[in-house]
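First the structure, in the form of structure tokens, and then the observations on it.
The sequence lines fix the lettering, A, B, ..., with proteins before strands; numbering per chain opens at 1.
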Amino acid sequence: MQIRIKNLLKQSPVGSCVQVAGWIRTRRDTGGFSFLEVNDGSCLANIQVIAQGSLANYETEIKRLSAGCSVRVEGMLQTSPAKGQDVEILASGLTVVGWADPEHYPLQKKRHSFEFLREISHLRPRTNALGAVARVRSRLSYAIHTFFQERGFSQVHTPIITTSDCEGAGEMFQLTAMAAGDGPRGAEAREFFGRRAGLTVSGQLQAEVYAMALGDVYTFGPTFRAENSNTSRHLAEFWMIEPEMAFCDLARNMRVAEELLTYLLDDVMTHCAEDMDLFDRFIEKGLLTRLRGVMENEFARITYTEAVDRLLQAKKTFQYPVQWGIDLQSEHERYLTEEVFGRPLIVTDYPAAIKPFYMRVNDDVRTVAAMDILVPGIGEIIGGSQREERLEVLTARMEAAGINCEDYGWYLDLRRYGTVPHAGFGLGFERLIQFVSGMANIREVIPFPRTPGFAPC
RNA sequence: UCCUCGGUAGCUCAGUAGGUAGAGCAGGUGGCUGUUAACCACCUUGUCGGCGGUUCGAGCCCGUCCCGGGGAGCCA
């Protein structure tokens, strides 16, 4: 019976015959037999295999095994007499499924830099850290769906190709089916969609459509930004979670966001304990303590105006001077969440002038019902707002922003016909994984990162 | 895109006032009856990021481009 190593270690059926299949991590020879570390990706841990010299292919094959070779092993599970592992497989047979020429296989049984591993993105999930990231990413994805589904949210598959720019969300990748040389002049009429199209920068506007029919919805899909951003927190292609809730104000919006984050932390710490422990030991010392602190303390909440006051009172000089009306800079956000509060912080009610047209204007007229969640180490992880549901107010803001209302007729119809207060937010999936894993560079938490000048496969 | 620091063996790095390159690990061969970053002995490895310039001579100096780290802007 073939069994995955994760289940084998959990059930630990000592004395029974088992079969595993995986990749060799290392081989150690001692006299007439060998120790093999086999990993099958089901968990961080390897299973130690004892291959005795009496095996038929010991000299011809087993002694040639090296890192990266794939094998199938069968044998008896026994308690290990040595320290380092509780159980091991005493092999009765071993089949080499695929060789990995050790002269050329780039992964060695020592630590590699993440920069180097990025150059071999097709092999890096075979390392401990990147394998752990992949499992944690998968678990978080599952938990996100569980969280929303259990609360009655419907998932909406918003379009990846779009003809409407979500104003203010960054540069859109242009998309065309025309061959080079078909010429730009008068080409719009011959475009595949009959008009300019691009890759979505956000599913929010389309999610609002379904929120106005199904009530509570969420999107979870890829988004694209053609920004020339070269930082450890930006990607040209990333995944975003965007819930959108009808009959919902900013207060409930914040509650859902906070509940989501603490739910996800609890889930991943329960179900990926071994991988999280790896991050705690080798990626960010004190990670687990930090995350428990986030789960046990309520998020701090202040308004933008209070935040500005705090910054003005700070005994600290900022590179960017503070005054009411400015957008908060990284240094300001870091100071507030890391030094003043030392825990996640929700900042609300930003000046209308620095926020997009769809955010609901407050009674004071000069601020909007926006909220950003800032977390230590990452900065902004969630951005959201109550949406403007009043047609006249919305059109006035669109005109002020220089947006052609005719292009957004479908969006304005949501306010013309049965409009309701509604709210939502966006959570960057990769930033969430960074926050949870302690990984410093966002390029390590997505399987195939896309950044300016980098998209190898 | 801006500031800053880097790019030398498969990996991580060292390198002399400009004179033709080196250590650890990995890899190869042999040894070792319980190893676990195994150990011991011996051996192999380079267009010194690309292009151009200065010079009798450039890994080292100058110019430029590419890539990466840290920080910033934009944002998720």
TODO: Tell which nucleotide pairs with B:G46, taking only Watson-Crick or G-U wobble pairs whose two distances are both under 3.5 angstrom.
DONE: none
TODO: Check whether more than 12 heavy atoms from other residues, nucleotides or ligands sit under 6.0 Å from atom CZ of A:R111, and answer yes or no.
DONE: no
Open item on the list: Whether A:E259 and A:R151 form a salt bridge (side-chain N of Lys/Arg under 4.0 Å from carboxylate O of Asp/Glu) is what I want to check.
Closed with: yes
TODO: Check the distance between B:G68's C1' and A:E115's CD and give it to me in whole angstrom.
DONE: 7 Å
Open item on the list: Under a 3.5 Å distance rule, please check whether A:S202 uses its side chain to pair with a backbone N or O of A:Q204 as donor and acceptor.
Closed with: yes
TODO: May I ask you to say what A:Y320 touches in the nucleic acid, namely base, sugar-phosphate or nothing, with a heavy-atom cut-off under 4.0 Å?
DONE: sugar-phosphate
- [ ] Mind checking A:R233 for me? I need base, sugar-phosphate or nothing, with any heavy atom below 4.0 Å counting as a touch.
- [x] base
Open item on the list: I want to confirm an ordering. Mapping A:R28 and A:F429 to their closest nucleotides on RNA chain B, which one lands closer to the 5' end?
Closed with: A:R28
Task: Under 3.5 Å side-chain donor-acceptor pair for A:T303 and A:D349 - done: no
Task: Under 3.5 Å on both distances, the Watson-Crick or G-U partner of B:C75 - done: none
- [ ] For A:K110, report the nucleic acid contact type (base, sugar-phosphate, nothing); a contact means any heavy atom under 4.0 Å.
- [x] base
TODO: Using a 90° cut-off around 0 for syn, call B:U33 syn or anti.
DONE: syn
Open item on the list: Checking base pairs now: Watson-Crick or wobble, both atom distances under 3.5 Å. What partners B:U54?
Closed with: none
Open item on the list: Does the structure show a Watson-Crick or G-U wobble partner for B:G68, both distances under 3.5 Å? Name it, or say none.
Closed with: B:C5
Open item on the list: Counting only side-chain nitrogens and oxygens, does A:Q329 get under 4.0 Å of the OP1 or OP2 atom of B:C74?
Closed with: yes
Task: Who pairs with B:A41 - Watson-Crick or G-U, where each distance is under 3.5 Å - done: B:U29
Open item on the list: Does B:U12 have OP1 or OP2 under 4.0 Å away from a side-chain N or O of A:S113?
Closed with: yes
TODO: Would you kindly give the CD-to-C1' distance between A:Q108 and B:G27, to the nearest whole Å?
DONE: 8 Å
Open item on the list: Taking any heavy-atom pair under 4.0 Å as a contact, classify A:F116: base, sugar-phosphate, or nothing.
Closed with: sugar-phosphate
- [ ] Using the aromatic ring of A:F238 (for Trp, its six-membered ring), decide whether it stacks on the base of B:A76 within the limits of 5.5 Å and 30°.
- [x] yes
